[in-house]
Amino acid sequence: MSTIQDFTGYQPTWCPGCGNWGIGVAIKSALVQMGLSPSSVFVSFGIGCSGNMNDFLNAYASHGLHGRALPVAIGFKLSNHKMKTIVVAGDGDFYGEGGNHFLHGCRGNHDITAIIHDNSVYGLTTGQVAPTASKGYKSKSTPAGIIEMPVNPLSFAITQGATFVAQAFAGNAPHMIETMKSAFQHKGFSIVNVLQPCVTFNKINTYPYYMQKSYKLGPDYQPNNKVTALGKALEFHEEKFPLGILYKEDRPAYHEHLPQLADSTLVSQSKPKDLAGLLGDFI
Ligand SMILES: Cc1ncc(C[n+]2csc(CCOP(=O)(O)OP(=O)(O)O)c2C)c(N)n1
Ligand code: SF4
Ligand SMILES: [Mg+2]
């Protein structure tokens with residue numbers, strides 16, 4: 001049985017009080033509680049304060065290009081679909097530069113969980129505005145306030161085919177752990193948008209802000225209705241933040257459609273012996 005210590009890497013360098021601390025502990029706790037070991041998990045990290053978790057979490061991992069954590073994870077999953085595959089990335093990474101991949105991850109229903117640190121800023125590069133920032137948000141890159149509408153990650157995921165869509169708050173570890181466990185257990189593309197205060201650069205979306213404006217979905221909430229879930233997701237534009245599983249459905253994951261993966265993983269299958277014959281005229 002693995003322990004939190006087994007999953008623990010270097011001491012984090014995050015600012016004191018950053019929401020990333022809670023997210024890091026929640027991910028490790030969820031994996032331990034599920035009985036997983038570091039050697040049974042692959043994490044594809046984005047670039048950012050969030051992506052720096054690569055150094056602080058012990059598992060198989062890749063620390064890739066900004067915006068490209070998801071395609072790396074998809075490639076990994078298809079090569080070894082028995083491994084639990086996770087993406088850890090920032091909102092700038094996943095909803096901005098990697099927005100295109102987000103779309104195709106949803107519609108492909110790849111069996112991957114994306115944990116997104118939603119702090120509304122580019123934390124690592126010192127506080128420029130990120131795609132989830134509210135209209136008018138002032139930052140060093142938008143001194144007169146951002147002109148664009150914010151990206152709504154939950155409504156996007158629901159409408160583009162993700163089969164598990166949830167939201168958590170970095171200030172509520174027990175709820176975050178339960179939500180992450182459900183996401184990791186889900187077969188298909190799951191996303192947990194984590195509201196993550198950046199205490200150094202974002203003076204709007206603070207812990208008190210989210211404590212006041214977030215609420216847990218009640219026990220009567222049924223996450224199987226797309227229209228109801230969409231209504232919950234759209235509350236974001238009224239500065240209301242539902243926490244929990246907004247939407248969930250069962251649909252075969254991408255790799256389950258591939259007959260060549262039915263019996264074994266790609267990595268375990270024999271390598272082609274005659275590469276020259278395979279490449280033919282190309283070499
Ligand atoms: C292709 C590319 N573009 C831009 C950068 C510079 N860069 C590094 S981190 C970052 C922003 C990170 O913001 P986010 O993804 O929200 O993560 P956070 O730091 O907030 O956790 C940027 C723009 C980069 N490293 N690579
Ligand atoms: S800059 Fe913000 S997101 Fe980055 S470690 Fe500090 S508080 Fe966290
Ligand atoms: Mg960010």
Side-chain angles (χ1 to χ4, degrees), residues 9-28 43-57 61-73 86-103 105 112-135 137-143 146 148-154 156-157 167-173 176 180 191-211 236 241:
Y10 292 105
Q11 173 72 7
T13 50
W14 293 313
C15 306
C18 173
N20 288 343
W21 291 87
I23 301 176
V25 170
I27 292 174
K28 288 190 281 190
V43 189
S44 178
F45 291 96
I47 301 296
C49 295
S50 40
N52 285 352
M53 194 191 292
N54 177 58
D55 294 327
F56 321 141
L57 182 82
S62 154
H63 199 180
L65 290 173
H66 189 58
R68 309 294 174 235
L70 183 53
V72 170
I86 300 168
V87 167
V88 170
D91 49 352
D93 191 298
F94 208 78
Y95 305 142
E97 203 147 352
N100 171 33
H101 303 301
F102 179 27
L103 161 61
I112 290 168
T113 297
I115 306 290
I116 308 307
H117 301 223
D118 179 358
N119 57 14
S120 301
V121 289
Y122 287 179
L124 191 69
T125 46
T126 69
Q128 299 84 357
V129 76
T132 54
S134 306
K135 191 167 163 51
Y137 181 93
K138 290 186 179 165
S139 72
K140 59 172 68 169
S141 60
T142 54
I146 185 169
E148 293 103 320
M149 290 288 293
V151 165
N152 184 327
L154 302 176
F156 185 93
Q167 185 154 257
F169 169 42
N172 187 337
M176 201 165 26
M180 285 180 186
I191 175 161
V192 183
N193 187 64
V194 186
L195 306 168
Q196 177 247 314
C198 166
V199 294
T200 301
F201 294 112
N202 187 335
K203 304 299 181 192
I204 306 282
N205 306 105
T206 59
Y207 286 99
Y209 173 90
Y210 284 124
M211 282 161 78
F236 163 65
F241 301 91

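What you are looking at is a predicted structure, and each value in this text was computed from that prediction instead of being measured. Just follow the structure's listing: the first ligand is 1, and inside any ligand the first atom is 1.
Note on ligand 1: E97 sits in its first shell, one or more heavy atoms being nearer than 4.0 Å. Under a 4.0 Å heavy-atom criterion, D91 is in contact with ligand 1.
Comparing F94, Y122, Y95 by heavy-atom distance to atom 23 (C) of ligand 1, the nearest is Y122. Here the shortest heavy-atom distance to atom 8 (C) of ligand 1, taken over N20, I47, T126, belongs to I47. The heavy atom nearest to atom 17 (O) of ligand 1, out of those in S50, C18, S141, G92, is found in S50. When V129, N202, D93 are checked for heavy-atom proximity to atom 15 (O) of ligand 1, D93 turns out nearest.
Note on S50: not counted as a metal contact of the Mg ion (ligand 3), no N/O/S atom lying under 2.8 Å. Taking backbone and side-chain atoms together, G90 has no N/O/S atom less than 2.8 Å away from the Mg ion (ligand 3). Taking backbone and side-chain atoms together, C49 has no N/O/S atom less than 2.8 Å away from atom 2 (Fe) of ligand 2.
The part of T125 lying near ligand 1 is the side chain, judged by heavy-atom distances below 4.0 Å. Using a 4.0 Å cut-off between heavy atoms, Q196 contacts ligand 2 through its side chain alone, with no backbone atom that close.
Interface of N119 with ligand 2, defined as ligand atoms under 4.0 Å from a residue heavy atom, comprises 3 (S). Close approach of ligand 2 to V199 (heavy-atom distance below 4.0 Å) involves ligand atoms 7 (S). Close contacts of ligand 2 with T200, meaning ligand atoms under 4.0 Å from a residue heavy atom, involve 6 (Fe), 7 (S). Proximity to C198 (heavy-atom distance under 4.0 Å) selects the following atoms of ligand 2: 1 (S), 2 (Fe), 3 (S), 7 (S).
Among protein heavy atoms, atom 8 (Fe) of ligand 2 sits closest to C18 SG, 2.3 Å. In terms of protein heavy-atom proximity, atom 6 (Fe) of ligand 2 is nearest to C15 SG, 2.3 Å.
Annotation: F156 is in aromatic contact with F102 [ring centroid separation under 6.0 Å].
The angle subtended at the Mg ion (ligand 3) by OD1 of D91 and O of V121 is 100°, given to the nearest 10°.
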